[in-house]
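Each remark here refers to the structure printed beneath this line.
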Amino acid sequence: MALAYDPLFIASDKALSAFDVASPPHPMILTQDELKRIAAYKAVEFVESGMVLGLGTGSTAKHAVDRIGELLRQGKLENIVGIPTSKKTQEQALSLGIPLSDLDAHPVIDLSIDGADEVDPYLNLVKGRGGSLLREKMIEGASKKFVVIVDESKMVKHIGGSKLALPVEIVPFCWKFTAEKLRSLLEGYGCEANLRLGEKGKPFVTDNGNYIVDMHLEEDMGDLGAVSDAILRLPGVVEHGMFLDMASTVIIAGELGVKIKNKQHTTTSS
């Protein structure tokens, strides 16, 4: 259980400084999922009629997609086009009556909303523990604005700081060879590289027919751009789960309610 407040306190920092939290008058207890839902609804406030939207994958993003479908049914949003980041999100959006398309028809997306597995102080992300990192990166990289929803536990001092997986999507062909190359590349950071397994102990297969190697790091990687480039140069690697300089806004659900971090300078991909 987590402590939140009514009315909900929303904070926004212009740069990346610490938050100033006001003392709320009426505390109430909310579950983590309820806080995620509130954060997701806050993210949907960025949505306007006529937008092309990147629809994220995962438990928090699911709340945002549900909310978009609800607002469409109520007539509060119109002419929305969704670009789903996974087959699962595609099925959810279709069940809600959200019109869908793809990057071929809409190479520039107005806004994407999605969760993240880690967020560092500079709003760099780790994503992909749900297995959708390639489509997420393609869609969110094509977005004018990328709003990320997380709970407080996802905030880390540096990428890899949670000691949980940094996913890398690889082709199935000779996956052991590729996994060993990844381990050797990041050996200096105390890296372990493990093939992700799915049902019945078989390799987990992404929506793109690939495998995922989960990298577990003990040390700060330092220059993330250099590490990113080195990983992507390895034959057999399709994409990694570091989303660098992509998030424009992060909405954080935590014990004191929901807070907003805005990046001072946002890079727009097209």
Below 4.0 angstrom, N of the basic side chain to O of the carboxylate: do [X] and [Y] qualify?
X      : Y      : answer
Asp151 : Lys154 : yes
Lys157 : Asp120 : no
Arg73  : Glu70  : no
Lys176 : Glu180 : no
Arg37  : Asp33  : no
Glu45  : Lys42  : yes

Any chance you could measure [X], atom [atom1], to [Y], atom [atom2], to the nearest 0.5 Å?
X      : Y      : atom1 : atom2 : value
Glu199 : Leu197 : CD    : CG    : 12.0 Å
His106 : Ile139 : NE2   : CD1   : 12.0 Å
Ile98  : Ser95  : CD1   : OG    : 8.0 Å
Leu186 : Lys181 : CG    : NZ    : 13.5 Å
Glu219 : Glu187 : CD    : CD    : 13.0 Å
Lys62  : Gln92  : NZ    : CD    : 5.0 Å

* To do: Report the C-alpha distance between Leu94 and Leu100 in whole Å, list the side-chain angles of each, state the deciding distance to 0.1 Å, and finish with yes or no for side chain to side chain contact (heavy atoms under 4.5 Å, CB included).
  => CA-CA 8 Å; Leu94 288 173; Leu100 299 181; 3.7 Å; yes
* Pair Arg183-Thr178, side-chain hydrogen bond (donor to acceptor under 3.5 Å, both in side chains): steps then yes or no -> CA-CA 9 Å; Arg183 188 203 63 77; Thr178 307; over 6 Å; no
Closest non-hydrogen atom pair between [X] and [Y], with its separation:
X      : Y      : answer
Ile149 : Ala40  : CD1-CA, 3.6 Å
Val126 : Pro167 : CG1-CD, 3.9 Å
Lys144 : Val108 : CE-CG1, 3.7 Å
Ser101 : Val81  : CB-CG1, 3.6 Å
Asp114 : Glu140 : OD2-OE2, 2.6 Å
Lys36  : Ser59  : NZ-OG, 3.7 Å

Do [X] and [Y] make a side-chain contact, defined as non-hydrogen atoms from C-beta onward lying under 4.5 Å apart?
X      : Y      : answer
Ile109 : Leu103 : yes
Ile80  : Val47  : yes
Ile260 : Ile252 : no
Ser49  : Asn79  : no
Arg135 : Gln90  : no
Leu96  : Val65  : yes
Ile159 : Phe243 : no
Leu125 : Val148 : yes

Does [X] reach the main-chain N or O of [Y] with its side chain, forming a donor-acceptor pair under 3.5 Å?
X      : Y      : answer
Lys261 : Ile251 : no
Ser132 : Gly128 : no
Glu118 : Gly160 : yes
Ser248 : Phe146 : yes
Thr85  : Leu55  : yes
Asp110 : Leu53  : no
Glu169 : Tyr211 : no
His240 : Met242 : yes
Arg129 : Asp214 : no
Asn124 : Asp245 : yes

* Let me see the working for Leu182 and Met215 under side chain to side chain contact (heavy atoms under 4.5 Å, CB included), right down to the final yes or no. => CA-CA 8 Å; Leu182 285 166; Met215 317 291 289; 3.6 Å; yes
* Taking it one step at a time, do Ser143 and Leu111 satisfy side chain to side chain contact (heavy atoms under 4.5 Å, CB included)? -> CA-CA 6 Å; Ser143 301; Leu111 168 68; over 6 Å; no
* **Residue pair Ser112 / Lys145, side-chain donor-acceptor N/O under 3.5 Å** => no
* **Distance-only side-chain donor-acceptor flag, Thr57 / Thr89, under 3.5 Å** => yes
Treat each ILVMFWY residue as a node, draw an edge where side-chain heavy atoms are under 4.5 Å apart, and state whether [X] and [Y] are in one component.
X      : Y      : result
Val147 : Leu77  : yes
Leu234 : Leu166 : yes
Phe177 : Leu195 : no
Val237 : Leu217 : yes
Leu224 : Leu133 : no

* More than 12 heavy atoms of other groups within 6.0 Å of Met138 CE -> no
* Heavy-atom count around Lys202 NZ within 6.0 Å, excluding the residue itself: above 12? -> no
* Residue that, paired with Val238, satisfies side chain to side chain contact (heavy atoms under 4.5 Å, CB included) out of Asn210, Ile170, Asn208 -> Asn210
* Asked: Between Val250 and Val150, does a side chain to side chain contact (heavy atoms under 4.5 Å, CB included) hold up when you go through it step by step?
  -> CA-CA 7 Å; Val250 176; Val150 295; 3.9 Å; yes
